[in-house]
Amino acid sequence: MGISALYGFFAGVYHWFPKMFGRMMNKNLGYVHFWVTAVCAYGVFFPMHFIGMAGLPRRYYTNSAFPLFDELADVNVLITIFAIVGAAFQIVFFWNFFYSMFYGKKATQNPWRSNTLEWTTPVEHIHGNWPGEIPEVHRWPYDYSKPGHDEDFVSQITPMKEGEEQLHH
């Protein structure tokens with residue numbers, strides 16, 4: 001369950017990074033970070049299920065008092081290797097984060113082509129969200145693939161066309 005919280009943390013950082021710093025994180029390093037983290041997480045936790053089903057007690061400093069479990073020692077070594085590699089590869093995330101802060105590709109105002117209002121704010125450090133008037137919302141935040149539009153992306157602040165119906169979710 002702990003890795004789920006980390007995945008949520010990483011997803012939030014990758015998603016909001018352009019809004020925080022006005023730059024994009026390196027996509028290829030993001031893929032490397034994700035896949036190595038995912039494989040190592042499974043490499044740590046999946047074998048634990050089998051040694052647990054084999055009856056190995058948890059939270060013991062050593063299992064040398066239980067000769068029955070001697071053949072499972074190699075599985076614990078494998079789990080440790082996956083844990084060390086997974087932990088070491090978090091350096092890729094930190095490198096990507098700090099390097100991209102200063103040298104990342106400049107982000108557009110809405111790099112994810114999201115319909116929602118928060119992506120209409122400028123990437124500036126100002127008091128409040130928008131300089132001047134607050135934008136007027138004309139649509140639901142998730143009007144994607146709306147019939148009558150040429151593209152999937154229609155921002156919330158785009159006024160409705162003549163005869164266009166509001167989709168209700």
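- Linking Ile, Leu, Val, Met, Phe, Trp and Tyr whenever their side-chain heavy atoms come within less than 4.5 Å leaves F34 and F46 in two separate clusters.
- In summary, the aromatic rings of F82 and Y42 are positioned with their centroids too far apart to meet the 6.0 Å limit.
- In this structure, F89 is not a member of the same hydrophobic cluster as W35, with clusters built from ILVMFWY side-chain heavy atoms closer than 4.5 Å.
- Note on ring orientation: taking the six-membered ring where Trp is involved, the planes of F17 and F97 are perpendicular (angle over 60°, cut-offs 30° and 60°).
- A ring-ring contact (aromatic ring centres under 6.0 Å, His included) with Y14 is found for exactly one of Y7, F93, Y31, F9, namely F93.
- A donor-acceptor pair under 3.5 Å is formed between the side chain of N96 and the backbone N or O of N26.
- Ring geometry for W95 against Y99 counts as parallel: the plane angle stays under 30°, on a 0 to 90° scale with 60° as the upper cut.
- Separation of the F102 and F98 ring centroids does not fall under the 6.0 Å cut-off.
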Evaluate the side-chain contact (heavy atoms from CB on, under 4.5 Å) criterion for residues H33 and F94: first the C-alpha distance (whole Å), next the side-chain angles of each, then the deciding distance (0.1 Å), finally the verdict. CA-CA 10 Å; H33 172 246; F94 286 111; over 6 Å; no

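- Residues F21 and L29 fall within the same hydrophobic cluster, defined by Ile, Leu, Val, Met, Phe, Trp and Tyr side chains chained together at heavy-atom separations under 4.5 Å.
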- Query: Run the side-chain contact (heavy atoms from CB on, under 4.5 Å) check on T37 and Q90 step by step: do they pass?
  - Reply: CA-CA 8 Å; T37 301; Q90 300 319 298; 3.1 Å; yes

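- The hydrophobic cluster containing Y103 also contains M25, counting ILVMFWY residues as joined when their side-chain heavy atoms lie under 4.5 angstrom apart, directly or transitively.
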